[in-house]
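This is the structure I want to talk about, given as structure tokens.
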2 protein chains.
Amino acid sequence: MPRYLFCLEQFTKGASTISSSELARLADETAATVRKDLSYLGSHGTRGIGYDVERLSDTIRQRLGLDRLRDLVIVGLGHLGTALANYGGFDEGMFRVVGMYDIDPEIVGSRVGGMVVRHVDDMRSDLASADCVFGIIAVPPDAAQEAADLLVEAGAAGILSFAPTLLRVPRQVFVRHIDLATELHALSYYVTERRSHSERRAAR
Amino acid sequence: MPRYLFCLEQFTKGASTISSSELARLADETAATVRKDLSYLGSHGTRGIGYDVERLSDTIRQRLGLDRLRDLVIVGLGHLGTALANYGGFDEGMFRVVGMYDIDPEIVGSRVGGMVVRHVDDMRSDLASADCVFGIIAVPPDAAQEAADLLVEAGAAGILSFAPTLLRVPRQVFVRHIDLATELHALSYYVTERRSHSERRAAR
DNA sequence: TAGATTGTTAATCGATTAACAATC
DNA sequence: TAGATTGTTAATCGATTAACAATC
């Protein structure tokens, strides 16, 4: 579902309406699946015409809980954290960075993207009044679990981790995990699969 | 499948054997599914004991085409590209960075992680003799399509893109796409879902 | 032998697809 | 009216699960 939204946002530059087959092509799906998924949203397209891009985007955003602003904190302001902090897509996407934390004295106190990096020890009190905060972990592997613990203590509702480490967190905290090695493995898998397919085809 | 490998690698510090239920817990799966998936690999566990961690890892790696070294190039050496270049997990994971490319004169010629960044125009000739190369795109959104085109021309077999842009590439090139906004959307979705669940539960 | 855990079958469940009436 | 495209049903396909014999 986030993928549909992503494709729609890419597409906005074009027409104001999109058909299920067009969206399917963009999202690498079949038209039938797209229609099924969208009808599940209770969303209303127009027969003979397609879906209103703007209206559909709004409906999906609402469904994803993106109708109100979400607060983000970034833990770890090395190269990765800095890159994430400077990522522009937050504004449109209904996220805003409300805090940046590090443990390195050289980094704490410096400015990244117009915001002063604070010490991780300040996180808990900083976020005491926040309602629903998402944490992004961009620290070295050894520090990832500690960062997760701090985020949990500070009341984070969800964590997005870029560290190649399995995190132990209470069940009520959602964790998503982006691991470069895993992504490369997946890529390698597809390429290997396809190659052996064409080899088999060539052998016939 | 890459996820199993990831979990196994995390686990290695412990015992030399792992049961389907343990692996299931780590990978957020059911024991039955794990056994089904692994049996599909033709892998052999031992009844009453479990799976040999080392042997299982090797089997999965082989299946993923990770039995031989894969070459990587990184396009875009800003903060994100630099973070990726310094990522340590390549060595164990059977990937190695063979080239770094940028277009900015301030970056071209500098050293990142012990390797000199070259100009994107050099990529094609640099990779002429390479067999199976994966490209990582870590450039700003506007430059992503251009980077993809260059990688395709240079003969990349797969592309991992961190740019929030839909890429047009020939069908034979595999693309994986990591978009921060999409990940956050997914996180937001789960949290929203769960919250409305517990509200419903509370309402009863 | 007793306990543990795999490998695999059969049953269930859910997701995808084809197809077409509804309708703009 | 003719063409296009949705929304939805019914059929198919695949994935997950339960369960248990096999066996270490």
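Only this structure's heavy atoms are used, side chains among them; waters, hydrogens and symmetry mates stay out. Chain A is the first sequence line, chain B the second, and so forth, proteins listed ahead of strands; every chain is numbered from 1.
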Could you verify whether a donor N or O on one side chain and an acceptor N or O on the other, from A/Q145 and A/D149, lie under 3.5 Å apart?
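Yes, A/D149 and A/Q145 have a side-chain donor paired with an acceptor closer than 3.5 Å.
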
Under 3.5 Å side-chain donor-acceptor pair for B/D126 and B/Y101
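Present: a donor and an acceptor within the cut-off.
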
Quick check, are the ring centers of B/H177 and B/F162 under 6.0 angstrom apart?
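Distance test on ring centres: not under 6.0 Å, no.
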
Select one nucleotide: of C/dA22, C/dG7, D/dT17, the one nearest the side-chain heavy atoms of A/R47.
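Of the options given, the side chain of A/R47 lies nearest C/dA22.
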
A/S20 side chain, from C-beta outward: closest of C/dC24, D/dT6, D/dA22
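Selected nucleotide: D/dT6.
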
What is the distance, rounded to the nearest whole Å, between atom CG of A/L23 and atom P of D/dG7?
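So the CG-P distance, A/L23 to D/dG7, works out to 12 Å.
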
Out of A/V75, A/D104, A/I103, which one pairs with A/V139 under the side-chain contact (heavy atoms from CB on, under 4.5 Å) rule?
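Result: among A/V75, A/D104, A/I103, A/V75 is the only option passing the side-chain contact (heavy atoms from CB on, under 4.5 Å) with A/V139.
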
Spacing between A/K36 atom NZ and D/dT6 atom P, to the nearest angstrom
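The answer, rounded to whole Å, is 15 Å.
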
Mind calculating the distance between CG (A/L38) and C1' (C/dA15) to the nearest angstrom?
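Rounded to whole Å, this separation is 15 Å.
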
Using OP1 and OP2 only, check whether a side-chain N or O of B/Y51 sits under 4.0 Å from C/dG7.
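For B/Y51, the contact criterion (side-chain N or O under 4.0 Å from OP1 or OP2 of C/dG7) is met.
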
Nearest-nucleotide comparison on DNA chain D, the residue closer to the 5′ end among B/T46 and A/I49
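The residue closer to the strand's 5' end, by nearest nucleotide, is A/I49.
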
Please report, rounded to the nearest Å, how far the C1' atom of D/dT5 is from the CD1 atom of A/I18.
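Distance check: A/I18 CD1 to D/dT5 C1' gives 13 Å.
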
Quick one: A/L41 CG to D/dG7 P, roughly how many Å, whole number?
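Rounded to whole Å, this separation is 11 Å.
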
With a 3.5 angstrom cut-off on both distances, give the Watson-Crick or G-U wobble partner of D/dC13, or none if there isn't one.
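In the structure as shown, D/dC13 has C/dG14 as its Watson-Crick or wobble partner.
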
Starting from P on C/dA4, measure out to CD on B/E22 and report it in whole angstrom.
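Rounding to the nearest Å, CD of B/E22 and P of C/dA4 are 13 Å apart.
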
For the pair made of CG in A/D37 and C1' in D/dT6, what is the distance, rounded to whole Å?
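Rounded to the whole Å, the gap is 14 Å.
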
A/H44 NE2 to C/dC24 P, straight-line distance once rounded to whole Å:
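Value for this atom pair: 12 Å.
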
Which nucleotide in C/dT6, C/dC24, D/dT17 has an atom nearest any side-chain atom of B/A32
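It is D/dT17.
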
Check whether any side-chain N or O of A/S19 sits under 4.0 Å from OP1 or OP2 of D/dT5, and answer yes or no.
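For A/S19, the contact criterion (side-chain N or O under 4.0 Å from OP1 or OP2 of D/dT5) is not met.
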
Watson-Crick or G-U wobble partner for D/dG7, using a 3.5 Å limit on both distances?
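Paired with D/dG7, as far as the under-3.5 Å criterion goes, is C/dC20.
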
Would you say A/Y40 places a side-chain N or O within less than 4.0 Å of OP1 or OP2 belonging to C/dT16?
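For A/Y40, the contact criterion (side-chain N or O under 4.0 Å from OP1 or OP2 of C/dT16) is not met.
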
Parallel, tilted or perpendicular: which one describes the rings of A/F95 and A/F134, with boundaries at 30° and 60°?
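Aromatic pair A/F95/A/F134 classed tilted.
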
Return the nearest nucleotide to the side chain of B/R35; candidates are D/dC24, D/dA19, C/dT17.
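Nearest to the side chain of B/R35 among the choices is D/dA19.
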
Return the nearest nucleotide to the side chain of B/T33; candidates are D/dG7, D/dT16, C/dT6.
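Closest nucleotide to the B/T33 side chain: D/dT16.
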
